[in-house]
Amino acid sequence: MITERVRKHAEHLAGASELPAFVYDLDALASDAAGIRQALTVPGAPEIFYAAKANPDAPILRTIAPHVDGIEVASGGELQHIRQILPDARLAFGGPGKTDDELRLALELGVERIHVESPHELSRLAALAREHDRQVDILLRVNLAGDRTGVALAMSGPFGMDPDLIEDCRDTLTDNPHVRLRGIHAHLASGLDAEAMVNQSREILEWARPWLAKADVTDPEINLGGGMAVDYADPAHRFDWTGYARQVAALAQPGEKLRIEPGRAVSVYAGWYVTEVLDVKKAHGQWYAVLRGGTMHIRTPVTKQHNHPFVVLPRGGSGPAVDDQPVTLVGQLCTPKDVFARQVPTDHLAIGDLVAFSMAGAYAWNISHHDFLMHPKPGHHYLSDD
Ligand SMILES: *Cc1c(COP(=O)(O)O)cnc(C)c1O
């Protein structure tokens, strides 16, 4: 649950000037990314682009980059940021509501694929490409209905085009040779285990093949999206990359190029949010531990409505403590929603003890509302033996 490197580092952090802190283990991240890459070496397995929005910190990106084929960006801001940090990276640009300025930026900075989200976006891109006399390679993003029960997040709503709407793109493509259709993109849900992901991938492939054949696309690319599950209730239970890669590779047909773009499952395990217990008390029959910091730094447990996994690093304090009782871990915000974990059984938790929340390497700091209540910002430590 915590690497030796992070535990040792955390044990030297103390007080308001050093806690809370995000501590990242870059060697663990490299090893996670290399493991995923290794699974994807079976012939026919998809290429992998890392979805930068999961964690776009420069040291994180530099650590992941050697183990992936490219980076998926979801805004002009991410596009500029990644180009600066990884000038040569292959990029795919997705996301709803791309402005003309963002599309122009994509033409200027060199994006390998633009994932087009609507017929109107396609027309605007075609006009810009013509104006700049540039050829752009695109995938059309499809939004298949399907049954997504059991997933963490179904991308229902305005993401991509449903099978009726996407038909509107055919004429625009025929009339605009500056825009070259290379294939289909689909990111339909997140939180799928390997078996569910294989089934979803099959569904996408079966829909995409005849559509692309009718559009005379040869050697099509099919981007199967991200959303590989991580298990916050059991951090040791990881996505079965080997099984997924093997089964999807078996679905691939000659000439096709498959691609995936996970974010969370790549970077989540390499980050910890380390803080300390400020107070311990009982209220209306329940024990609470108030921690320095809060969900304004790591919004993950609020958005996912889960108990965030953690380990306690005892400091042997002699003040108030709770023993063998369920404890609710909260932060410093003046709202009952500032909860990291509810009613978690603990042996012993005392004022001054360190608490290290694991699985804080994705959708943690960068999705949080940092300025709420104006508490000090956490430090960010990127550890590596290299
Ligand atoms: C967010 C996103 C991803 C990555 O999803 P994860 O759940 O982090 O794997 C991939 N593709 C698109 C289009 C996304 O919006």
Side-chain angles (χ1 to χ4, degrees), residues 29 32-33 36 39-40 46-57 60-61 64 67-79 82 90-98 102 106 111-118 121 138-144 148 150-161 183-194 196-197 200-201 204 208 221-232 238-241 244-245 248 258-271 299-300 303-304 306 359-367:
L29 178 61
D32 288 347
I36 295 169
L40 294 169
E47 286 190 329
I48 177 172
F49 277 38
Y50 170 64
K53 79 173 188 287
N55 188 332
D57 293 3
I60 301 287
L61 290 168
I64 291 172
H67 305 287
V68 295
D69 298 292
I71 307 287
E72 189 258 357
V73 299
S75 72
E78 282 190 358
L79 176 53
I82 309 294
R90 295 170 58 195
L91 299 182
F93 181 21
K98 298 183 201 70
E102 288 179 309
V111 162
E112 185 176 298
R113 296 289 176 269
I114 296 179
H115 300 160
V116 173
E117 296 261 346
S118 78
E121 185 175 295
I138 65 152
L139 306 185
L140 292 176
R141 181 171 182 181
V142 70
N143 189 346
L144 302 175
R148 316 263 164 247
V151 304
L153 192 68
M155 302 301 287
S156 51
F159 302 101
M161 295 167 268
I184 290 290
H185 169 267
H187 171 72
L188 303 178
S190 64
L192 282 78
D193 65 15
M197 191 59 87
Q200 184 182 272
S201 298
I204 295 165
E221 295 176 11
I222 300 159
N223 186 320
L224 304 165
M228 287 67 184
V230 309
D231 189 348
Y232 289 94
R238 304 267 182 119
F239 186 81
D240 176 12
W241 287 102
Y244 175 73
V248 168
L258 308 186
R259 196 172 292 139
I260 53 173
E261 47 182 26
R264 189 185 304 265
V266 178
S267 59
V268 75
Y269 299 104
R299 222 173 101 76
T300 328
T303 54
K304 308 269 309 171
H306 67 200
M359 297 182 75
Y363 303 105
W365 168 249
N366 69 322
I367 62 158

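Only this structure's heavy atoms are used, side chains among them; waters, hydrogens and symmetry mates stay out. Atoms within each ligand, like the ligands themselves, are counted from 1 in listed order.
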All heavy atoms of E121 vs all of E117, minimum pair found to be OE2-N, 3.2 Å
- List the steps, then state whether salt bridge (Lys or Arg N to Asp or Glu O under 4.0 Å) holds for E221 with R259. CA-CA 7 Å; E221 295 176 11; R259 196 172 292 139; 3.1 Å; yes
Handout entry: Pair R238 + D32: basic N to acidic O under 4.0 Å
Key = yes
Using the side-chain contact (heavy atoms from CB on, under 4.5 Å) rule, take F49 and D69 through it: C-alpha gap first, then chi angles, then the decisive distance, then the call.
CA-CA 6 Å; F49 277 38; D69 298 292; 4.0 Å; yes
Counting only non-hydrogen atoms and a 4.0 Å cut-off, the residues near ligand 1 are A51, K53, E72, R141, H185, H187, S190, G226, G227, E261, P262, G263, R264, Y363
P158 meets the side-chain contact (heavy atoms from CB on, under 4.5 Å) criterion, sequence neighbours left out, with none
Are H115 and E72 linked by a side-chain donor-acceptor pair shorter than 3.5 Å? no
